[in-house]
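Read the structure below first, then the notes.
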Protein chains: 2
Amino acid sequence: MTGDTRLGEAGLLARMLPHLATDPRIEVGPGDDAAVVRFPSPRIVVTTDTLVEGHDFLPATTTPSWIGHKAAVQNLADVAAMGARPLALVVALSAPAETPAPVFEELTIALAGRAEADGAYVVGGDLGTSDRLTVTVTALGSLEDDQAPVLRSGARPGDVLAIGSPQLGRSAAGLALVLSGRIRVQDGQVLGADGTTLAEEGHGDLVAWHDAPEPDLALGWTVGRGARAMMDLSDGLVRDGTRIARASGVLLDLDADALAPDVSQLADLAAELGEDPWAWVLHGGEEHAMLATFAAGSVPAGFRPIGRVLPADGEKAHGVLLDGAPIEGTGFDHFGDQA
Amino acid sequence: MTGDTRLGEAGLLARMLPHLATDPRIEVGPGDDAAVVRFPSPRIVVTTDTLVEGHDFLPATTTPSWIGHKAAVQNLADVAAMGARPLALVVALSAPAETPAPVFEELTIALAGRAEADGAYVVGGDLGTSDRLTVTVTALGSLEDDQAPVLRSGARPGDVLAIGSPQLGRSAAGLALVLSGRIRVQDGQVLGADGTTLAEEGHGDLVAWHDAPEPDLALGWTVGRGARAMMDLSDGLVRDGTRIARASGVLLDLDADALAPDVSQLADLAAELGEDPWAWVLHGGEEHAMLATFAAGSVPAGFRPIGRVLPADGEKAHGVLLDGAPIEGTGFDHFGDQA
């Protein structure tokens, strides 16, 4: 890739900035000390999230495009989970000085493209060096004066727990495939580790879903605004459900029958890898689908019921049950022992 | 530090979050998917910047507090340089899993404290693992409807170039001391490399200034609003001046007499290290002071004149001159050859 590297910051930016769309609400875009964006309201919803090479993704099993896509999704999802529509993103990108320019370019195209698909724009950023490719996105949206944010603390006994996704566990299954050493990614194609096409076509889709999940985020700022409580599913149904349960002072009881189809869909692959498909569905993170509770009888299209909200019970501190029984494992924690 | 590590994300956050101040304008603070902040206006000024261990700082020559301070300053400065007052920050912090909890805690206290000193609050963040301590801050401010942002493009021939700092080159001199191997930092004290107190007390101040610069940022959103063009001095007088010159279509002519006191103040140390004090003053970055142009006769208190704005001249593409002559060197570029 000689000739692409050492373009300097200005040269790299010249490769990246033309891929950013403009909008009349962006009064000052990239190129000055800061961006200036006119939001629909002064009540700003803001969140930030980082992807680090070797910790949050493995270069040999993803692509710059998928990294950019995922960096956008995980931040857009946090704004959506407040019931707000994202409008602007800023991106801090750090990478080794010898990183080829097309890596920056492809990542930028995918990140900005995924944001634009939901009506949001990359309005600024920062470019620097690091040992490992690191992408930190900050996403901003706004809420009108009459719009309360949808918090984690609003769940009430009697509510229905629902998820804005037709299939859970895909990201965890894709991660298991990545960690099994059976696959690699080349030119955006998921191949067997020996370079041949995968025997099971669906396995490639699972890896792609893990690397670049595609949840329906618009549920958050449309029908999700009717939720009592909402968050995006980033660290697994049990860990994230526990957050809603604790914030709301309730218990969540998952319905095994409602989750059984998700499990059976992944059962063959789990058996092949010697894994438990229930663990993928219960503890798998990085889906970024909307997890919400609604008043009974009010679950809107796009969400499906997966459990119910019960009164708090001091004996069951865990916060999330499955058909009334405690669940083993705790989901993902960057700084703790893993389930 | 056994017992402090492996607290888990929740345990680390429990050490960090109590140090964040609250404010009525923060409707939702840390703990949900995103923060919600009520700004004075819907025209939001937003910027992001990253510090990476080993690239932007060396652990043996700084402290967690200074890293947090600098991460705040470099972002607050970008908002200030638009003529806006910062109100909210989000912080993405990545570090090795074995990082002692006090590192997170000290960094947070300093970062939040420095922000609060200028009226801004840490309202949210992200915590994850990485090989090297990495801090990405995003800072937000707002502009009222009748307030135009102060851009880099507004400089006009006849303007006075001015800097909101009594002394340039300190950060570069501090960096030279760091890179000389003559000093180390222990318990927040700058010592000689052999652990003894430094012979020259001022040298410690230079290292502290490099690690935790303390520019007068309020100049940006007070008297700086009267500037024709403004930016913060992050990559050196020549490189940043060139950005103003190019954006405005002008030349900047630095006045050697105005900068001579800055140079002479650092001359002894430069001689001792075999360096050129003029290079520190002309190319030294990370001062984060406000660099601005004002209409002749209108330089406000807090700024001092250091040059003038000339009409563009096709022959002198460089953009910045010193007493009418071209300047050698180009300042700092993460992805290019260094001056």
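In what follows, chains are A, B, ... by sequence order, proteins preceding strands, each numbered from 1.
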State, yes or no, whether a side-chain contact exists between [X] and [Y] at a heavy-atom distance under 4.5 Å.
X	Y	answer
B/V45	A/E27	no
A/I44	B/I44	yes
A/R38	B/D145	yes

Would you mind telling me which of [options] has the largest number of heavy-atom pairs within less than 4.5 Å of chain B?
options	answer
A/T129, A/D78, A/V36	A/T129
A/V79, A/V123, A/L93, A/D232	A/D232
A/N75, A/T50, A/D131, A/L51	A/D131
A/S130, A/A92, A/A10	A/S130

What is the distance from atom CG of A/L140 to atom OG1 of B/T138, rounded to the nearest 0.5 Å? 8.0 Å

Output the distance between atom OG1 (A/T134) and atom CZ (B/R132), rounded to the nearest 0.5 Å. 11.0 Å

Under 4.5 Å from any heavy atom of chain A - which part of B/V37: both

Check whether B/L127 gets within reach of chain A through its side chain, its backbone, both or neither, counting any heavy atom under 4.5 Å. both

Which one wins on heavy-atom pair count under 4.5 Å against chain A: B/T47, B/V52, B/V46? B/V46

With chain A as the partner, which of B/G128, B/G141, B/S94 has the greatest number of non-hydrogen pairs under 4.5 Å? B/G128

Nearest heavy atoms of B/D33 and A/M231, plus distance in Å: OD1-CB, 3.0 Å

Quick one: do B/T48 and A/T48 satisfy side-chain contact (heavy atoms from CB on, under 4.5 Å)? Show the steps, please. CA-CA 10 Å; B/T48 192; A/T48 192; over 6 Å; no

Looking at A/R152, is its backbone amide N or carbonyl O close enough to the side chain of B/D32 to form a donor-acceptor pair, meaning the two atoms are under 3.5 Å apart? yes

